[in-house]
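Scroll down for the structure; my scribbles are underneath it.
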Amino acid sequence: MESTLKDLRDGASVLHPKSSVAGGVTDIYGEDAATEDQLVTPWTFSVASGYSLLRDPQHNKGLAFTERERDAHYLCGLLPPAIIPQQLQEKKLMQNIRNYQVPLQKYMAMMDLEERNERLFYKLLIDNVEELLPIVYTPTVGEACQKYGSIFKRPQGLYISLKERGKILEVLKNWPQRSIQVIVVTDGERILGLGDLGCQGMGIPVGKLALYTALGGVRPSACLPITIDVGTNNETLLNDEFYIGLRQKRATGQEYAELLQEFMTAVKQNYGEKVLVQFEDFANHNAFELLAKYGTTHLVFNDDIQGTASVVLAGVVAALKLLGGKLSDHTFLFLGAGEAGTGIAELIALEMSKQAKAPLEETRKKIWLVDSKGLIVSSRKESLQHFKKPWAHEHEPVKDLLGAVKAIKPTILIGSSGVGRTFTKEIIEALASINEKPLIMALSNPTSQSECTAEEAYNWTKGKAIFASGSPFDPVEYEGKVFVPGQANNAYIFPGFGLGLVISGAIRVHDDMLLSASEALAGQVTEENFEKGLIYPPFSNIRKISANIAAKVAAKAYELGLATHLPRPTDLVKYAESCMYSPVYRNYR
Ligand SMILES: NC(=O)C1=CN([C@@H]2O[C@H](COP(=O)(O)OP(=O)(O)OC[C@H]3O[C@@H](n4cnc5c(N)ncnc54)[C@H](OP(=O)(O)O)[C@@H]3O)[C@@H](O)[C@H]2O)C=CC1
Ligand SMILES: CC(=O)C(=O)O
Ligand SMILES: [Mg+2]
């Protein structure tokens, strides 16, 4: 009864849902503390063996089960005689995956593997990250979301729709894992640059969380993908007989806000204050508001606004080695003034203001944005959405990007419009005529929405450009020289960033943590990378990179008094590494 006494000492009620029962096991869902008329979830736990062990993806090892394990766990006869170690299983599966010609087939093979044998899935992803990232993540995940209704086999993650209004807490309790550390949630309204994919956006939280584990080392059982289904305005999906979501137009206004409020409250109630909620691919009319509203009460992070800002700032800071000058010596022009565009602009302005000890209002003036109506200027201020207003500088109206390049003369051009091929030959040539080495970042995903291709960037600048894109491009040969494009994607940041929050027990996200993550990433670019024209390190080193990011983010959390994991570990890099999930098979007793 020790913990019950402790609860009483702490002033908690004996019926507190987190109270412990005899034996010291935490009664997480309050089954034992509930009164007879309260509803409880009848969870049971058992040791998997025999046939069910082979069908349990968390514990299945396939042909890697040893003789002793086969004897001890009733597996004899259920497997052919060969014993194949994990390394060889990996070799065979990589061969199978390479045999598929179509990326979506590779995606489906990877998802099947995840459902069959989770550790082997992560072993493949970690060891072959550069090859498999474009499969489980952008660009293929975009196509998977578009076709989710047809390729859907088994549900992954939690679906919370308007039908669950009033019982979201109960829905959360249906999820088998209880110690959740990271939730990635979408409402599917702005999936990459592909627009409203409704409930089929689930591929994104699933993919992002696979990266949380593979790239950042957060345990898979601590990750929870969620899609909030409030309907879709995508007519094609509404008329698609295989569509898996609610067949109605999107709920908005109070109805939407109340569902999100119930969700955020239930999440905190169920998982506590330290669970990280990552908002992903919400449309900007909700994204900024949700971040502002819940940023003061929950541990929330918007990957599109904040993660993207941190990764782009890192790339720009690294690129200064090639471009020369300080951050404040450069002039930035964005195509796209939404979540990504204004999020990046704000973090660059913040870093500039810290470096130059200048007011934010001043440093913002080095940054210009173009939206679908042209250059954002002061005469448009009244009609602008709130997140664009800080960027409405004094200038005469300019109707398009070409005009803006000529008028503003940027040194750095950033695409965050979600619209493919908007960096035309004329625009890139105009940029190259102003700059010895223009930095071009075409951030929009997937590949079809990239503002230009790597080949276009190098050809149209006659090999002068430093180029990075949101989705990967192959190296390009121009006049006998090979140019390696970098990948400016928030996947460099969010896994390490989240790990840093988790290991420090952070309770809030602070902008200074984004700057720390950025600094850590920029610091990982080597001379060898620079020589190839790269402004990001290769993804093959991502676990080391993530540990460094996590350590810097955690250090900042401690410095700001936002960390609850005490005492602070002395060597945070080593500590981060020691916390990272390993996909190597465990031995069974
Ligand atoms: N590489 C990475 O890590 C990331 C990439 N992205 C990508 O960035 C893109 C945009 O995302 P996000 O910022 O969230 O989207 P938003 O919808 O918030 O913003 C899009 C912006 O682009 C503008 N725009 C759209 N079409 C045009 C056009 N033809 N000409 C000029 N401007 C245009 C919009 O103008 P208006 O406001 O007038 O409608 C809006 O300002 C997506 O493709 C996404 O995949 C996002 C996050 C991370
Ligand atoms: C990468 C990402 O988060 C996006 O394109 O939305
Ligand atoms: Mg996103």
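Indexing begins at 1, ligand by ligand and atom by atom, following the structure's order. Only this structure's heavy atoms are used, side chains among them; waters, hydrogens and symmetry mates stay out.
- Ring geometry, Phe467 versus Tyr458: the interplanar angle exceeds 60°, so the pair is classed perpendicular (tilted spans 30 to 60°).
- Under 4.0 angstrom from ligand 2, there are no non-hydrogen atoms of Thr138.
- When the heavy-atom distances from atom 33 (C) of ligand 1 to Ala283, Ala309, Ala468, Ser372 are ranked, the shortest goes to Ser372.
- Heavy-atom distances between Gln487 and ligand 1 stay at or above 4.0 Å for every pair.
- Residue-level proximity to ligand 2 for Phe494 is absent, since no heavy atom of it falls below 4.0 angstrom.
- Here Asp281 meets the criterion, with an N, O or S atom under 2.8 Å of the Mg ion (ligand 3).
- For atom 10 (C) of ligand 1, the choice among Ala488, Ser469, Ser416 with the nearest heavy atom turns out to be Ser416.
- Nearest non-hydrogen protein atom to atom 5 (O) of ligand 2 is Asn445 ND2, 2.8 Å.
- No part of Thr308 comes within 4.0 Å of ligand 2, judged by heavy-atom distances.
- No part of Ile204 comes within 4.0 Å of ligand 2, judged by heavy-atom distances.
- Asp196 and Thr232 share a donor-acceptor pair across their side chains, judged by distance under 3.5 Å alone.
- At a 4.0 Å cut-off, at least one heavy atom of Leu192 sits close enough to ligand 2 to count as contact.
- In this pair, Trp368 and His395 present their aromatic rings perpendicular. The plane angle is above 60°, beyond the 30 to 60° band.
- Under 4.0 angstrom from ligand 1, there are no non-hydrogen atoms of Asp303.
- The nearest pair of heavy atoms linking Val300 to Met264 is CG1-CE, 3.6 Å.
- Taking all heavy atoms of Asp304, Asn445, Ile305, Thr342 into account, the minimum distance to atom 4 (C) of ligand 1 is reached by Asn445.
- When the heavy atoms of Pro446, Ala337, Ser471, Ser444 are ranked by distance to atom 40 (C) of ligand 1, first place goes to Ala337.
- If you look at Val419 next to ligand 1, the close heavy atoms, those under 4.0 Å, all belong to the side chain.
- The Mg ion (ligand 3) is the vertex of the angle joining OD1 of Asp304 and OE2 of Glu280, which measures 100° to the nearest 10°.
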*Please report the C-alpha distance between Phe332 and Ile414 in whole Å, then the side-chain angles of each, then the deciding distance to 0.1 Å, and finally whether the side-chain contact (heavy atoms from CB on, under 4.5 Å) criterion is met.*
CA-CA 8 Å; Phe332 296 78; Ile414 300 178; 4.3 Å; yes
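- In this comparison of Glu189, Gln449, Glu280, Arg190, the heavy atom closest to atom 44 (C) of ligand 1 sits on Arg190.
- When heavy-atom distances to ligand 2 are checked against a 4.0 Å cut-off, Lys208 comes that close only through its side chain, counted from C-beta outward.
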